[in-house]
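In this chain, residues are counted from 1 in sequence order.
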Amino acid sequence: MTPKLTMLAAGLITGLTAFAPAASAASCWDLWYERNAIYDSNGYCFSTSLGKRTFNNADCWTKNPDLSNWEVNRVAEIKAEERRRGCKVNN
């Protein structure tokens, strides 16, 4: 997937789930994807093979992205749900 298409897909996924509680995600993969799409949209450079394959580091610029308050809270909600479900998508 090209970087622009990846960003578009990430934006659509994030936008579609912006008001949905993390618990409504269909799968651990959905939770992993939404959480990492937030990082990707903020220039995060992935180090795992799954992250690199899924988000393509061609447009990344940081290992410490500057997330908005909403994004920080959303990532925390998603991580809590991943822990609750025992998700292990990229381990």
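Judged purely by atom type and a 3.5 angstrom limit, Asn42 uses its side chain to pair as donor or acceptor with the backbone of Ile38. Not a single donor-acceptor pair under 3.5 Å links the side chain of Asp40 to the backbone N or O of Asn36. Judged purely by atom type and a 3.5 angstrom limit, Thr54 has no side-chain atom pairing as donor or acceptor with the backbone of Gly51. The backbone N or O of Ser27 lies less than 3.5 Å from a partner atom in the side chain of Asp30, making a donor-acceptor pair. Looking only at distances, a side-chain donor or acceptor of Lys63 sits under 3.5 Å from a matching main-chain atom of Cys45. Checking side-chain atoms of Glu71 against main-chain N and O of Ser68 turns up a donor-acceptor pair under 3.5 Å.
For the pair Glu77 and Arg74, the salt-bridge criterion is met [side-chain N within less than 4.0 Å of a carboxylate O].
The side-chain heavy atoms of Lys79 and Leu31, taken from C-beta on, include no pair separated by under 4.5 Å.
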Exercise for review: Apply side chain to side chain contact (heavy atoms under 4.5 Å, CB included) to the pair Val89 and Tyr33, showing each step before the final yes or no.
Suggested key: CA-CA 9 Å; Val89 171; Tyr33 187 89; over 6 Å; no

Exercise for review: With side chain to side chain contact (heavy atoms under 4.5 Å, CB included) as the test, would you mind laying out the steps for Trp32 and Ile78 before giving the verdict?
Suggested key: CA-CA 8 Å; Trp32 179 90; Ile78 294 167; over 6 Å; no

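Taking Glu82 as the reference, Arg35 meet the side-chain hydrogen bond (donor to acceptor under 3.5 Å, both in side chains) condition, with sequence neighbours excluded.
To the nearest 0.5 Å, atoms CG (Asn57) and OG (Ser47) are separated by 8.5 Å. We find the CG-OG1 distance between Asn90 and Thr48 to be 4.0 Å, quoted to the nearest 0.5 Å.
The aromatic rings of Tyr44 and Phe46 lie perpendicular to each other, with more than 60° between the two planes, well past the 30° mark.
Of all heavy-atom pairs between Thr62 and Asn64, the closest is OG1-N, 2.9 Å.
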